[in-house]
Amino acid sequence: MTTDLFGQLPASIPVADAKRIADLRAQLQLHAHAYYVQDQPLIPDASYDAMFRELQALETKYPEAITADSPTQRVGGKALSQFASVRHRVPMLSIRTETDTEATGAQNFDTRVRKELGLTDSDPPVAYVAELKFDGLAMNLRYEHGALVQAATRGDGETGEDVTQNIRTIHQIPLKIAAPTSGAGSSSLRSSSPVPVPPVLEVRGEVYMRRDDFEALNERQREKIARGVKGEKTFVNPRNAAAGAVRQLDPAIAAQRPLSFFVYGLGEITPAEQGGPQFETHYELLQTLKSWGFPVADQVERAQGATELIAYHQRMGAIRDSLPFDIDGVVYKVDSLALQRQLGFVTREPRWAVAHKYPAQEQLTTVLGIDVQVGRTGKLTPVAKLAPVFVGGVTVTNATLHNEDEARRKDVRVGDTVIVRRAGDVIPEVVSVMTEKRIPGTQVFTMPRQCPICGSAAVREEGEADYRCTGGLFCAAQRKEAILHFAHRRAVEVDGLGDKLVEQLVDAQVIRTLPDLYKLGFTALASLDRMAEKSANNLLEALEKSKQTTLPRFVFGLGIRHVGEATAKELARHFGKLDAIMDASEEQLLAVNDVGPIVAKSIRTFFDQAHNREVVEQLRACGLNWPESEPAAAAPLPLSGKTFVITGTLPTLSRDQAKDLLEAAGAKVAGSVSQKTDYLVAGAEAGSKLLKAQSLGVAVVDEAGMLALLASPAL
Ligand code: IVH
């Protein structure tokens, strides 16, 4: 960019200051271009800010030096009462849209172009330019002698609105342009010399909002709404937010809505006969616009014939969701401007360009109902049932509302008209409600306090977003998960009862609840698909064997939320008997090691569900039993407060057995060695844990040493 761009300053200003002003303006423009257009800042933000403030100070000192194109003048001017009309000197046309699948859309266009040009199959492919179709608003920017004088919306194509004040706030749009002096940024196609900027130049392109800017804007809007600021709302999508910003009558507000811009064509330009530039191709035109400082999307590509257009459509479709901005399709244009002229227009659409759309990612539909689904682990999820709508390439009938807070925030109600979005493989979502279309009498959605599947209490714990069903043992939605957990090796071990089998047993309705497991007969089992006689017998045997269990295993097996193996052991040790646990108050539960308020409450709620107690009784009736004992004496266990780690292969005990022994003696068994480890039990082929223990000076014992510790009186 030239340094004499901002050269003409009044003679009243001392030469040195005038030079500094011009120099600062050129520097600031250069750095803004590097930052906003090229995405490659050359200097730290602080240096830019310092220069900006220096220029502001000089302009305060010499108000006569202020020009509209000064970088300090992007936000200025008063709020308007309405926008002035602008008659476009060259009409702003729209383009024909192809919505067909990728192959036919591009093929149809190419076939039409070739036919119009009188080409036959033996002629070479037509040269095209393929571009992204940005989802924003079309804008005409008029420059006279290099200065931005007017920005206008498309309007009806003939007459638009003058939104210059707002468009000036877009940092990617140069307020002043000139041909590059040399080197960097010059037109690559006319490498000989830079193309001079003509006296009249209208560039056309799309004003849009980046997705990250949109999210941040909506976040700020939500904060304002939460603070009770009147008249604020969130925006439905980036396009909507961009349109709102462009049509904002107060430029100060527009400046707070970060917009971006891509250029894709021309409006009026000084004709070649009057010294204007002569371009041969659309591609060359774009490169020149780029050299003048306008942002051109990186994805602009030249393509030969329909095949390469199809490939472009596919490639861009695949990266669509990872772009930083929304696109709704791609645009194909005949590259040669001579051929464009030859092809001309039909009614108001050029024959040389076409928009090839992707399936829309957002659609309007109505909410038929709000269901609450219960997941395998008891999580309740509100789901909007929708009138079927084709969006993002599939027919959508359900959209998740995630949880109570999300449903409240969006205030989705049965009967509402909503915007549904499905992008890529992401699950469909309700973006927002069209509140203006809300019918009278709709009800605010509330989460049920009862599980819709089993009727047990549904609770939301403090600090959690989700409601959960507390009928873990009884609830049909959680059946499979509950049975698998119960049968787990570390719970009431039922050897051979894995997820495939549970799936099969539950789906075939052979078992409905946990106790049904123990009522299984040989005939029912053997009738299952792929169940051999031997496996049926093995399972019955494993079930029989599992009846003789321990209290900690049984309590852990119940699958009470927050009650893991260690807590189950503490509960069993503390209370000694199952009935004592089931009847313990929250305060009594709090007296147990490792049990805090959340765990205590969870245990209490679990046993408050009549259904859960019934299941426990039925299991006992089926013959499940365990030794019970008196409540734990106050005397500490021999290894209380000691932390062990087990590594390597022990000569006689499995690691699980060693763990059980240690825990029964009050020790904690951890997974990794740290400063807090008291003993490492090392077997054969102990590796890094042994080295770590040695380096930390942790006592190392073998199996015999461990058994000796267990036999010794309290440590
Ligand atoms: S060319 C005469 N190129 O799509 C051709 N338009 O009807 C003028 N759009 O609202 C349009 N990206 O604002 C062109 N790369 C692109 C575009 C593009 C988005 C918009 C344009 C207009 C609509 C076309």
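In this text the structure is predicted, and so the values were computed from the model without any measurement. All ligand and atom numbering here is 1-based and tracks the order in the structure.
Classification of the Tyr128-Phe109 ring pair by plane angle, with boundaries at 30° and 60°, yields tilted.
The pair Glu158-Arg348 meets the salt-bridge criterion, with a side-chain N (NZ, NE, NH1 or NH2) lying under 4.0 Å from an Asp/Glu carboxylate O. For the pair Arg247 and Glu161, the salt-bridge criterion is met [side-chain N within less than 4.0 Å of a carboxylate O]. A salt bridge is defined here as a Lys NZ or Arg NE, NH1 or NH2 lying under 4.0 Å from an Asp or Glu carboxylate O, and Asp416 with Lys410 fails to meet this definition. A salt bridge links Arg315 with Glu301: at least one charged nitrogen is closer than 4.0 Å to a carboxylate oxygen.
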Present, as a list of atom pairs with distances to 0.1 Å, all nitrogen or oxygen contacts under 3.5 Å between ligand 1 and the protein.
unit_1	atom_1	unit_2	atom_2	d
ligand 1	3 (N)	Lys333	NZ	3.0
ligand 1	4 (O)	Lys133	NZ	3.2
ligand 1	7 (O)	Ile95	N	3.0
ligand 1	12 (N)	Phe134	N	3.1
ligand 1	13 (O)	Glu206	OE1	2.4
ligand 1	13 (O)	Tyr264	OH	2.7
ligand 1	15 (N)	Glu131	OE1	2.8
ligand 1	15 (N)	Leu132	O	2.9

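For the residue pair Glu131 / His282, a side-chain donor-acceptor distance below 3.5 Å is found, with atom types taken as modelled.
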